[in-house]
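I have placed the structure first, in the form of structure tokens, so that the comments after it can refer back to it.
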Amino acid sequence: HPDLDHYGGCIDVVKNYQVKKIITNGREKRYDPYWREWDRAARASGAQIAVIDRPVVWSIASDTLQFVSPDPTLPLEVKEDDNNNYSVVFRLTHDSRNFLFTGDAEEPLEKLLAEKYCVSAESCILNSDILKVGHHGSDSSSSELFLSFVKPQIAVISVGKNRYGHPTLRAIRHLERSGASVRRTDLEGDIIIR
């Protein structure tokens, strides 16, 4: 989504690597000069720009990407400029392991995804071995309800030094109570899951 901490380093990526596909939720920040520069670089890169604006499943070799957000059928009650709850959320199945990537999803989106995709804790497509924690471990994400359905073994918090207090103690406690082993990029640097 079009928040600088999500696309900021991508200009260098498309300039230095041959990127074939860029996945976005289609939201724009035309008033933001940084976003306009990213948009120019993305279009000039030659990469295919794929807009995820509804649930869809992609199969790539033996892997599956199941995109569950954005979803225009979800009755999100957030402000129109709330980019976090329009994050691309997807589940990757690779080598019989499931990874859930949540972008900056917060509790309003977590609740709606749980309601749509989870009949019970045992029957939930959000259930994943590894969770990329939503919104850098902010107070507004990683609700106990959501985690009770995801049931992650490992929770990875992608976060650096920041003025917002991410990750919050509340989010970390929710993750620990869910039984997940919490891994943090601000403490460990790159985290590699094998």
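Just so you know, these numbers use all the heavy atoms, side chains as well, and skip hydrogens, waters and symmetry mates.
Each of Lys79, Glu106, His1 was evaluated against Asn85; a single residue qualifies, Glu106, per the side chain to side chain donor-acceptor pair (under 3.5 Å) test. Just one residue in the list Asn162, Thr168, Asp186, Asp104 forms a side chain to side chain donor-acceptor pair (under 3.5 Å) with His136, and that residue is Asp104.
With a 6.0 Å radius and a threshold of 12 heavy atoms from other residues, nucleotides or ligands, Lys111 has its NZ atom at or below the threshold. More than 12 non-hydrogen atoms from other residues, nucleotides or ligands lie less than 6.0 angstrom from CZ of Arg36.
Not one N or O on the side chain of Asp3 forms a donor-acceptor pair closer than 3.5 Å with the backbone of Asp5. Ser128 places no side-chain N or O within donor-acceptor distance of the main-chain N or O of Pro152, the cut-off being under 3.5 Å. A donor-acceptor pair is defined here as one N or O able to donate and one able to accept, closer than 3.5 Å; such a pair exists between the side chain of Glu188 and the backbone of Arg184. Between the side chain of Asp95 and the main chain of Arg97, no donor-acceptor pair closer than 3.5 Å is present. With Ser141 contributing its side chain and Gly134 its backbone, the two residues share a donor-acceptor pair below 3.5 Å.
The distance from the CD1 atom of Ile172 to the NE2 atom of His166 is 12.0 Å, given to the nearest 0.5 Å. How far CD1 of Ile125 is from CZ of Arg91: 7.0 Å, rounded to the nearest 0.5 Å.
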Show the numbers, then the answer: is there a side chain to side chain contact (heavy atoms under 4.5 Å, CB included) between Val156 and Leu131?
CA-CA 6 Å; Val156 178; Leu131 168 67; over 6 Å; no
List the steps and the verdict of side chain to side chain contact (heavy atoms under 4.5 Å, CB included) for Tyr17 and Asp12.
CA-CA 8 Å; Tyr17 298 94; Asp12 289 333; over 6 Å; no
Atom pairs and distances, side-chain donor-acceptor, residues 55-65, under 3.5 Å, sequence neighbours left out:
residue: Asp63; atom: OD1; partner: His94; partner atom: ND1; Å: 2.9
residue: Asp63; atom: OD2; partner: His94; partner atom: ND1; Å: 3.0

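Shortest non-hydrogen contact noted between Pro72 and Arg54 is CD-CA, 4.0 Å.
Judged as a salt bridge (charged side-chain N to carboxylate O under 4.0 Å, His left out), the pairs with a partner in residues 168-177 (not counting sequence neighbours) are, in order, Glu107-Arg170, Asp139-Arg170, Glu144-Arg177, Arg173-Glu176.
Hydrophobic clustering (ILVMFWY, side-chain heavy atoms < 4.5 Å, transitive): Val182 and Ile154 are in distinct clusters. In the hydrophobic clustering of ILVMFWY residues, with side-chain heavy atoms under 4.5 Å counting as a link, Val89 and Val159 come out together. Under the 4.5 Å side-chain heavy-atom criterion for grouping Ile, Leu, Val, Met, Phe, Trp and Tyr, Ile193 is connected to Leu92 within one hydrophobic cluster. Taking hydrophobic clusters as Ile, Leu, Val, Met, Phe, Trp and Tyr residues chained together by side-chain heavy-atom distances below 4.5 Å, Phe149 does not share a cluster with Leu113. Under the 4.5 Å side-chain contact rule for hydrophobic residues, Trp38 and Leu4 share a cluster.
Relative ring orientation between Phe101 and Phe90 is described as parallel, the plane-to-plane angle staying below 30° on a 0-90° scale split at 30° and 60°.
A salt bridge links Asp39 with Arg30: the distance from a Lys NZ or Arg NE/NH1/NH2 to an Asp or Glu carboxylate oxygen falls below 4.0 Å.
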